[in-house]
Q: 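Got a structure for you, questions after.
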Amino acid sequence: MEPKGKKEQSIAAALLAKAFDADEANRIFTEKVQQRPLFLRPSSPPPNDGRAARRRTREKKREQRKKVLKPKPLSAAERRRRGLYDVPREGQKYALFEPLHNLWLGYIHEVLGNEIYTGGEGAAAKLTSADFHGAELEVVRSVCVSRVGIKGIVIKDSKFAFEVITRKNKVKLVPKEGTVFRFEVPPPTKGDQQPQAAKQDQLKSMVVELHGEQFQFRSADRASKKFRSHFSKIL
């Protein structure tokens, strides 16, 4: 039986005594166990500051208010359901879109340049990437005979159809599939932009036929798309 005055040896000291000699075991036990600092709540946040808490509350309310004032953008289905793409009935007048057609003529003259007089593959490549909002198209061939003869200014160029307004102030939706369109590009009226060869040729308009099946792209997608010539069964 051990004397009462002798202190009981800790388990850590007993294990260290088995692995090291007495001096080394005492040194390790003293530095690593007895004198080891004890951190109370080492990962706890700093003490609560009233001013910082009020600032965080104000910032949180400000962010919530921004979310309320800035709603999420509408989806494409929601925009169609609300009729954002539809032309109001009071705005379905051919005269209102004639200035748009004149703007498109100036735009297409800049796009084509001198190739408006020569045509060819260069002009075709530029026309495929052009925007047709404001162009005056006419249906010359179609799988649906009732569509032949429709002529008007394009007010909407979607992926699968042209929406045009006719001289009778009627909006027509013409699918591109199975339809051949025709449009004319008159030469510029300013004499300083006309080359001598064009003047001798009596300044004829450039007539283009557009096959809708080969044109089923949105105007924004056509601007960055490269078209390649290939065989078409309908030609």
Side-chain angles (χ1 to χ4, degrees), residues 1-88 107 110-111 113 121-122 124-134 154-163 173 175-177 212-232:
M1 185 174 181
E2 295 183 357
K4 296 181 180 180
K6 186 177 180 180
K7 295 182 180 179
E8 296 182 358
Q9 190 179 19
S10 65
I11 297 176
L15 294 175
L16 290 172
K18 293 180 180 180
F20 305 95
D21 54 13
D23 295 338
E24 186 69 14
N26 291 334
R27 185 187 66 79
I28 295 175
F29 181 76
T30 302
E31 294 180 358
K32 303 296 184 181
V33 178
Q34 290 181 339
Q35 298 180 358
R36 179 184 178 185
L38 180 61
F39 299 100
L40 300 177
R41 302 175 64 186
S43 60
S44 61
N48 189 11
D49 186 3
R51 180 178 297 178
R54 290 192 295 271
R55 185 178 66 254
R56 289 193 296 269
T57 303
R58 289 195 301 270
E59 291 177 355
K60 187 176 181 180
K61 289 182 179 180
R62 192 180 297 113
E63 293 295 331
Q64 292 178 352
R65 182 172 177 80
K66 286 182 180 179
K67 292 181 179 179
V68 173
L69 296 178
K70 186 179 180 181
K72 295 182 179 179
L74 298 176
S75 62
E78 185 68 17
R79 290 195 294 267
R80 288 193 297 269
R81 189 180 66 82
R82 297 190 179 189
L84 298 182
Y85 296 136
D86 299 337
V87 180
Y107 156 76
E110 293 181 2
V111 170
E121 294 184 359
K126 293 179 179 180
L127 287 173
T128 53
S129 301
D131 193 330
F132 281 83
H133 286 94
V154 177
I155 60 177
K156 184 179 177 182
D157 180 6
S158 61
K159 184 176 182 180
F160 298 108
F162 281 118
E163 190 170 347
L173 185 65
K176 295 180 180 179
E177 185 177 4
E213 291 185 355
Q214 309 297 324
F215 221 67
Q216 295 185 13
F217 301 94
R218 296 189 305 116
S219 57
D221 297 336
R222 293 198 308 269
S224 59
K225 185 177 179 60
K226 293 183 179 180
F227 292 88
R228 297 180 179 179
S229 57
H230 60 278
F231 174 76
S232 178

Q: Does E163 form a side chain to side chain contact (heavy atoms under 4.5 Å, CB included) with V154? I'd like the steps, not just the answer.
A: CA-CA 6 Å; E163 190 170 347; V154 177; over 6 Å; no
Q: Is a side-chain donor or acceptor of K176 paired with a backbone partner of S158 at a separation under 3.5 angstrom?
A: yes
Q: I'd like to know if the side chain of R36 reaches the main chain of E31, judged simply by a donor and an acceptor atom lying under 3.5 Å from each other, with no hydrogens or angles considered.
A: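 Flag not set: sc R36 to bb E31 has no pair under 3.5 Å.
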Q: Looking at E177, I'd like to know if its CD atom is crowded, meaning that more than 12 non-hydrogen atoms belonging to other residues, nucleotides or ligands lie closer than 6.0 Å.
A: no
Q: Okay, side chain of Y107, backbone of D131: is any donor-acceptor separation there less than 3.5 Å?
A: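 Yes, because the side chain of Y107 sits within donor-acceptor range (under 3.5 Å) of the backbone of D131.
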Q: Output the distance between atom CD (Q34) and atom OG (S10), rounded to the nearest 0.5 Å.
A: 7.5 Å
Q: Between R62 and E59, does any NZ, NE, NH1 or NH2 come within less than 4.0 Å of an OD or OE carboxylate oxygen?
A: no
Q: CG/L74 to CZ/R80 distance, rounded to the nearest 0.5 angstrom?
A: 12.0 Å
Q: To check you understand the geometry: which heavy-atom pair defines the closest contact between T30 and N26, and what is its length?
A: OG1-O, 2.7 Å
Q: Any non-hydrogen side-chain atom of I155 less than 4.5 Å from a side-chain atom of H133?
A: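 Answer no - side chains too far apart.
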Q: Between atom CG of L16 and atom NZ of K32, what is the distance when rounded to the nearest 0.5 Å?
A: 11.5 Å
Q: How long is the straight-line distance from NZ of K156 back to CG of L173, given to the nearest 0.5 Å?
A: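 L173 CG to K156 NZ: 8.0 Å, rounded to 0.5 Å.
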Q: Is the backbone of K126 close enough, under 3.5 Å, to the side chain of S129 for a donor and an acceptor to pair up by distance?
A: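 No, S129 side chain to K126 backbone: no donor-acceptor pair under 3.5 Å.
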Q: So does K60 pair up with E63, basic N to acidic O under 4.0 Å?
A: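 Salt bridge between K60 and E63, a charged N being under 4.0 Å from a carboxylate O: no.
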Q: Minimum heavy-atom separation for L127 to F132, with atom names?
A: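 For L127 versus F132, the nearest heavy atoms are O-CE1, 3.4 Å.
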Q: How about R218 and D157: do any of their side-chain heavy atoms sit closer than 4.5 Å?
A: no
Q: Side chain to side chain contact (heavy atoms under 4.5 Å, CB included) for R55 and R58? Distances and angles first, verdict last.
A: CA-CA 5 Å; R55 185 178 66 254; R58 289 195 301 270; 3.8 Å; yes
Q: Would you indicate whether the side-chain heavy atoms of F215 and F162 approach each other to under 4.5 Å?
A: yes
Q: So which atom in F29 and which in A12 form the shortest heavy-atom distance, rounded to 0.1 Å?
A: CE1-CB, 3.9 Å
